[in-house]
Protein chains: 2
Amino acid sequence: MNIPNYLAEHDIKPSYQRIRIFEYLYQKMNHPTVDLIYKTLAPEIPTLSKTTVYNTLKLFVEKGITSTVTIEQNEVRYDALVEEHGHFKCNICGEIKDIPLEIEKLKISSIKNISVEQTQVHLIGKCNKCLTQ
Amino acid sequence: MNIPNYLAEHDIKPSYQRIRIFEYLYQKMNHPTVDLIYKTLAPEIPTLSKTTVYNTLKLFVEKGITSTVTIEQNEVRYDALVEEHGHFKCNICGEIKDIPLEIEKLKISSIKNISVEQTQVHLIGKCNKCLTQ
DNA sequence: AGTAATTTTGTAATCATTACAATTATATAT
DNA sequence: ATATATAATTGTAATGATTACAAAATTACT
Ligand SMILES: [Mn+2]
Ligand SMILES: [Mn+2]
Ligand SMILES: [Zn+2]
Ligand SMILES: [Zn+2]
């Protein structure tokens with residue numbers, strides 16, 4: 001994955017900050033909050049502003065290369081994986097994992113005559129690691 | 001449904017404000033925000049404080065007679081229906097409808113060896129009413 | 001009634017996010 | 001290469017939802 005190219009292909013000028021922020025999202029795949037991205041990158045990019053992180057993520061979402069995940073109220077998380085998938089959050093360790101979804105199963109059983117454009121599935125519980133220790 | 005009894009059964013002293021707030025939730029079933037509850041009840045209960053609405057809903061959630069629904073970031077909604085079910089939000093008229101869920105289908109296909117305690121399913125799109133006009 | 005416990009209220013504090021204007025960096029034209 | 005226009009980044013202030021907190025009001029108990 002060539003990040004500058006990927007950004008350019010999606011009509012985003014690949015500035016240094018944008019590259020670094022997308023690189024973080026894409027490599028970690030950890031569904032970070034704005035604050036985590038900022039705190040992680042700020043030491044390496046001393047001039048980085050939190051506003052830039054907000055602006056950049058907003059742009060990524062508009063251009064379709066990033067999705068948002070809102071499981072807990074008052075914390076939005078960001079995800080470089082934009083294909084439809086679900087999330088599992090462990091309420092012990094806090095980790096958020098991707099889960100595959102068979103959306104069809106869901107849609108068949110729900111109300112007819114609606115047009116569904118977006119599907120959010122969030123499971124919350126305890127992960128295997130936290131269960132066995 | 002006798003609301004004072006229902007509150008008392010769940011270890012909640014049925015004060016006037018609590019009764020009115022739960023009555024609103026239960027009768028409208030409209031997944032309101034704190035602000036909508038406050039704005040609706042304030043004219044009828046002139047002394048009502050928004051803090052009371054917050055406090056009361058927090059208590060209802062703790063005692064298990066109300067659930068929260070967070071579809072859009074930065075707006076939490078409340079629901080007197082606590083049995084597991086999904087939600088569909090129309091992004092034209094804004095209405096939020098309940099949808100039945102076959103959770104088993106969902107769980108079978110997802111990661112094994114986890115304990116799922118809560119399931120949130122949110123569909124977003126256009127409702128039948130808005131599609132046909 | 002008198003006292004204690006609980007609930008409600010209003011105001012101030014907090015925290016995430018957005019608005020905005022100034023600065024810096026990049027692209028284009030001369 | 002220099003000047004000019006355009007775009008991106010930054011820092012600070014504003015907004016808005018939620019929470020903290022202490023005073024006032026209500027309710028329960030003796
Ligand atoms: Mn994901
Ligand atoms: Mn509902
Ligand atoms: Zn865990
Ligand atoms: Zn609609």
Side-chain angles (χ1 to χ4, degrees), chain A residues 3-8 10-25 31-63 65-79 94, chain B residues 3-5 7-8 10-24 31-63 65-79 94:
Chain A
I3 289 175
N5 285 357
Y6 186 70
L7 296 182
H10 290 84
D11 195 26
I12 297 167
K13 288 194 189 155
S15 74
Y16 180 67
Q17 286 85 342
R18 289 169 177 174
I19 292 168
R20 293 299 305 274
I21 291 171
F22 193 79
E23 180 185 58
Y24 178 88
L25 277 181
H31 308 94
T33 59
V34 162
D35 202 58
L36 180 59
I37 298 171
Y38 176 72
K39 288 211 169 75
T40 306
L41 294 182
E44 303 168 32
I45 312 172
T47 64
L48 185 66
S49 160
K50 198 179 255 192
T51 300
T52 298
V53 181
Y54 276 106
N55 290 343
T56 300
L57 291 168
K58 186 174 185 229
L59 181 67
F60 288 175
V61 171
E62 280 167 13
K63 299 298 188 182
I65 63 168
T66 296
S67 61
T68 59
V69 185
T70 307
I71 300 180
E72 310 291 331
Q73 73 196 60
N74 75 41
E75 61 170 29
V76 182
R77 295 168 174 279
Y78 293 86
D79 194 344
Chain B
I3 289 174
N5 285 358
L7 297 181
H10 290 83
D11 194 27
I12 298 167
K13 290 196 187 154
S15 73
Y16 179 68
Q17 287 85 340
R18 289 169 178 175
I19 292 168
R20 295 297 307 273
I21 292 171
F22 193 78
E23 180 186 57
Y24 179 88
H31 309 93
T33 59
V34 162
D35 201 60
L36 179 59
I37 298 171
Y38 176 73
K39 287 212 169 76
T40 307
L41 293 181
E44 303 169 31
I45 313 169
T47 65
L48 184 66
S49 160
K50 196 178 257 191
T51 300
T52 298
V53 181
Y54 275 107
N55 290 343
T56 301
L57 291 169
K58 187 173 184 229
L59 181 67
F60 288 174
V61 172
E62 280 167 13
K63 299 298 187 184
I65 63 168
T66 295
S67 61
T68 59
V69 184
T70 307
I71 300 180
E72 310 292 331
Q73 72 194 60
N74 75 41
E75 63 171 27
V76 182
R77 295 167 173 281
Y78 293 86
D79 194 345

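Numbered from 1 within each chain, the chains take letters A, B, ... in sequence-line order.
- By the side-chain hydrogen bond (donor to acceptor under 3.5 Å, both in side chains) test, B:K63 is found to be paired with B:D11, residues two or more places apart in sequence or in another chain being considered.
- Proximity of residues 43-60 of chain B to DNA chain C (heavy atom under 4.0 angstrom from any strand atom) is restricted to B:T47, B:L48, B:S49, B:T51, B:T52, B:N55.
- Protein atom NZ of B:K13 is 7 Å distant from nucleotide atom P of D:dA28, rounded to whole Å.
- The salt bridge (Lys or Arg N to Asp or Glu O under 4.0 Å) check on A:E23 picks up A:R20, with sequence neighbours excluded.
- Every ring-ring contact (aromatic ring centres under 6.0 Å, His included) that A:F60 has, sequence neighbours left out, goes to A:F22.
- Every salt bridge (Lys or Arg N to Asp or Glu O under 4.0 Å) that A:E72 has, sequence neighbours left out, goes to A:K89.
- Under the side-chain hydrogen bond (donor to acceptor under 3.5 Å, both in side chains) criterion, A:K58 pairs with no residue at all, not counting sequence neighbours.
- Atom NZ in B:K39 sits about 11 Å away from atom C1' in D:dG16, given to the nearest Å.
- Ranked by how close their nearest DNA chain C nucleotide is to the 5' end, B:Y38 and B:I12 are led by B:I12.
- Taking A:T52 as the reference, A:Q17, A:L48, A:S49, A:T56 meet the side-chain contact (heavy atoms from CB on, under 4.5 Å) condition, with sequence neighbours excluded.
- Distance check, rounded to the nearest 0.5 Å: CG of A:N55 to CG of A:L59 gives 8.5 Å.
- The distance from atom CD of A:E62 to atom P of D:dA8 is 12 Å, rounded to the nearest whole Å.
- Separating the CG atom of A:L41 from the C1' atom of D:dT9 is a distance of 15 Å, rounded to the nearest angstrom.
- Here D:dT10 presents its C1' atom at 13 Å from CD1 of A:I21, a figure rounded to the nearest Å.
- For A:Q17, a side-chain nitrogen or oxygen approaches OP1 or OP2 of D:dT10 to under 4.0 Å.
- For residues 31-43 of chain A, the pairs satisfying side-chain hydrogen bond (donor to acceptor under 3.5 Å, both in side chains) are A:H31-A:D79, A:H31-A:H87, A:H31-A:D98, A:D35-A:K39, A:D35-A:K50, with sequence neighbours left out.
- With the nearest nucleotide of DNA chain C identified for both B:N74 and B:R18, B:R18 has the one nearer the 5' end.
- From B:I19, atom CD1 reaches atom CD1 of B:I21 across 11.0 Å, with rounding to the nearest 0.5 Å.
- Using a 4.0 Å cutoff to heavy atoms of chain B, the contacted part of DNA chain C runs 5' to 3' from C:dT6 to C:dT11.
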